[in-house]
Amino acid sequence: MRMYTSEITPEMDGKVVKLFGWVHEVRDHGGLIFLVLRDREGFAQITLPKKVVSKEVFNTARSLKRESVVAVEGKVKAEPKAPNGFEIIPDIITLLNEAEAPLPLEVTEKVPAELDTRLDYRFMDLRRPKVQAIFRIRHQVMQSVREFLSKEGFIEVNTPKIVSTATEGGTELFPISYFEKEAFLNQSPQLYKQVLMGAGFEKVFEIGPIFRAEEHNTTRHLNEAISIDIEMSFTDHEGVMGVLERLIAKICEDINQKCSKYLDLLGIKLEIPELPLPRITYEEALKMAKSKGEEIPWGEDLSLQALKAIGEEINGYYFIVDWPTDAKPFYVMPHENRPEISKSFDLMHSWLELASGAQRIHRYDVLVNRIKAKGLQPESFGFYLDAFRYGMPPHAGWGLGAERLLMSLLDLKNIREAVLFPRDRQRLVP
RNA sequence: GCCCGGGUGGUGUAGUCCGGCCCAACAUGUGGGCCUGUCGAGCCCACGCCCCGGGUUCAAAUCCCGGCCCGGGCGCCA
């Protein structure tokens with residue numbers, strides 16, 4: 001029966017096991033060969049003393065090329081000199097598929113490769129345990145999101161990614177052809193999740209792709225990203241901020257608990273944030289930035305420099321709340337006593353924006369006026385606006401960028417590292 | 001889109017400032033050889049590279065122009 005390398009222990013001395021995997025390295029000492037087999041769980045040393053193993057097996061091992069796929073059947077031997085305290089003395093080595101040489105990059109990490117080269121040969125790059133660790137953790141993040149939100153009473157939904165109009169203006173969309181009509185790839189599930197509040201679901205979440213046709217060229221933007229979105233009825237911005245901060249804490253706990261092996265591999269120490277997370281207002285943020293020499297006029301978005309200045313002051317996760325109404329999309333709810341600021345928030349990690357959300361306007365006439373005030377056409381929001389005419393509850397929600405969350409958790413320098421096959425301004429393949 | 005810095009064996013770098021000592025160096029790799037305890041194995045031999053297109057010059061990896069691509073920063077954006 002097949003076993004993973006991680007399942008073998010020195011106590012299994014004498015037991016016959018079968019391993020499948022890749023030839024990570026072959027160290028040929030003449031009369032003794034060490035073959036390092038790698039599978040998705042780790043490594044195992046296959047040891048071939050010339051006088052012990054068959055001539056055939058010995059010669060096979062000697063001729064193996066790195067990264068070839070093999071099956072190894074042999075006896076476990078407890079051996080203090082071997083990594084992890086055991087080695088396998090093989091009876092059979094089957095070459096399942098030979099790899100070509102030379103390799104497009106080093107899986108062994110002896111020689112570094114640039115991110116661009118790594119992405120060109122991503123399948124090979126992903127074989128590196130450290131790279132795989134990122135995606136094991138990403139998997140756990142998604143698991144935790146689903147588990148946590150489900151427990152909180154949210155149901156998972158899927159909304160269309162091919163849409164007829166822009167969601168909220170602002171960003172550029174990718175046009176596509178939809179039979180005889182023009183259509184776009186959706187930039188956000190915003191309008192649909194709000195409509196689902198009108199449908200009476202009360203609590204929904206979606207994990208899905210969003211597409212932005214912005215020609216940005218940075219280490220923190222993608223043209224295709226995964227957004228974790230929630231929308232919740234009969235609550236306000238404070239209510240959904242609570243959900244968000246509890247989710248972040250839960251993710252950190254789960255990762256610490258279930259992915260310690262991968263965190264160690266990446267050299268990451270994850271601190272579980274204390275709740276509630278700090279909240280600063282937009283106006284306080286302006287002051288903090290100004291005290292560090294970054295002056296931003298009221299009403300404008302915070303520049304990266306300003307955010308970096310603030311990030312130096314506040315460690316870890318925090319909220320910036322009460323953004324100028326005009327700096328946010330048309331659907332955000334203004335404060336009753338000060339309509340120039342809104343019931344909106346961004347979740348930050350140091351200088352990086354991870355999520356943004358708000359209480360939404362739920363009154364039809366107010367919403368139509370806001371759309372007009374933003375210079376948009378109410379007619380192009382027909383299906384959306386209809387939902388507000390026949391009993392739309394008060395509601396709030398947020399969208400959280402999955403890749404940015406990964407960046408903040410794992411201290412990744414480039415957002416592309418958090419995606420298997422990233423899409424950016426230049427990259428459409430692989 | 002803008003500004004800066006880059007593009008040299010499969011991979012990662014040195015060399016470019018100040019053209020010739022560069023038929024290009026180092027590491028890793030690949031092929032072969034030696035070697036029974038490696039774990040970045042070691043030692044010996046060999047193989048393999050100047051992004052594309054123009055220009056200047058007796059002479060270009062090196063200088064100039066254009067293009068494409070990459071990195072960092074900015075902008076846009078989340």
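Please read all numbers here as calculations on a predicted model, not as lab measurements. All chains are named by letter (A, B, ...) in the order of the sequence lines, taking the proteins before the strands, and each is independently numbered beginning at 1.
The CG-P distance, from A/Leu105 to B/rC70, rounds to 17 Å in whole Å. Computed from coordinates, the A/Glu214 CD to B/rC74 C1' distance equals 15 Å when rounded to whole Å. Taking atom CD of residue A/Glu109 and atom C1' of nucleotide B/rG10, one finds them 17 Å apart after rounding to whole Å. The separation between A/Arg425 atom CZ and B/rG73 atom C1' is 18 Å, rounded to whole Å. Following rounding to the nearest Å, A/Asp120 (CG) and B/rC69 (P) show an atom-to-atom distance of 13 Å. Summarising the geometry, the separation between NE2 on A/His221 and C1' on B/rG73 is reported as 14 Å, rounded to the nearest angstrom. In this structure, A/Leu428 places its CG atom 13 Å from P of B/rC69, rounding to the nearest Å. Atom pair A/Ile46:CD1 and B/rC39:P shows a separation of 18 Å (rounding to whole Å applied).
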*Kindly determine whether A/Lys161 and A/Glu224 satisfy salt bridge (Lys or Arg N to Asp or Glu O under 4.0 Å), including the steps that lead there.*
CA-CA 12 Å; A/Lys161 302 305 154 205; A/Glu224 177 177 351; over 6 Å; no
*Stepwise, does the salt bridge (Lys or Arg N to Asp or Glu O under 4.0 Å) test hold for A/Lys193 with A/Glu206?*
CA-CA 8 Å; A/Lys193 60 182 187 165; A/Glu206 175 165 12; over 6 Å; no
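When the C1' atom is used for both B/rG73 and B/rC21, the distance is 39 Å, rounded to whole Å. Here, B/rG29 and B/rC68 have their P atoms 37 Å apart, quoted to the whole Å. Taking atom P in both B/rC23 and B/rU38, one finds a spacing of 43 Å when rounded to whole Å. Here, B/rU28 and B/rC44 have their P atoms 11 Å apart, quoted to the whole Å. B/rC65 and B/rC17 are spaced 15 Å apart, taking the P atom of each and rounding to whole Å. Comparing B/rA41 with B/rA60, their C1' atoms are spaced 43 Å from each other, to the whole Å. Spacing of C1' atoms, B/rG15 relative to B/rG19, comes out at 13 Å, to the nearest Å. B/rU16 and B/rC22: their C1' atoms are spaced 12 Å apart (whole Å).
In this structure, A/Ser227 reaches neither bases nor backbone, as no heavy-atom distance under 4.0 Å exists between it and the strands shown. Among the heavy atoms of the strands, none lies under 4.0 Å from A/Ile33. Residue A/Asn217 is in base contact, counting any heavy-atom pair closer than 4.0 Å across all strands shown.
Here A/Glu79 pairs with A/Lys77 in a salt bridge; the nearest charged N to carboxylate O distance falls below 4.0 Å. Between A/Glu106 and A/Arg66, at least one side-chain nitrogen of the basic residue sits less than 4.0 Å from a carboxylate oxygen of the acidic one, meeting the salt-bridge criterion. Using a cutoff of 4.0 Å between basic side-chain nitrogens and carboxylate oxygens, A/Arg427 and A/Asp120 are scored as salt-bridged.
With both pairing distances under 3.5 Å, B/rC49 is matched to nothing as a Watson-Crick or G-U wobble pair. Pairing partner, B/rU13: B/rA25, with both Watson-Crick or wobble hydrogen-bond distances short of 3.5 Å. With a cut-off of 3.5 Å on both Watson-Crick or G-U wobble distances, the partner of B/rC43 is given as B/rG33. Of all nucleotides present, only B/rC4 satisfies the Watson-Crick or G-U wobble test against B/rG71, with each distance under 3.5 Å.
Residue A/Arg416 is the one, among A/Arg416 and A/Glu224, whose nearest nucleotide of RNA chain B lies closer to the 5' end (criterion: closest heavy atom).
Below 30°, between 30° and 60°, or above 60°: for A/Trp298 and A/Tyr282 the angle between ring planes is above 60°, a perpendicular geometry.
The side chain of A/Thr117 contributes an N or O atom lying less than 4.0 Å from OP1 or OP2 of B/rG12.
At least one side-chain heavy atom of A/Phe381 sits less than 4.5 Å from a side-chain heavy atom of A/Ile371. In this structure, the side chains of A/His335 and A/Lys343 come closer than 4.5 Å at one or more pairs of heavy atoms.
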*Let me have a per-nucleotide readout for nucleotides 26-38 of chain B, 5' to 3', with B, S or -, counting only protein heavy atoms under 4.0 Å.*
--SSSS---BBBB
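In the model, A/Tyr262 has a side-chain atom that pairs as donor or acceptor with a side-chain atom of A/Arg136 under 3.5 Å.
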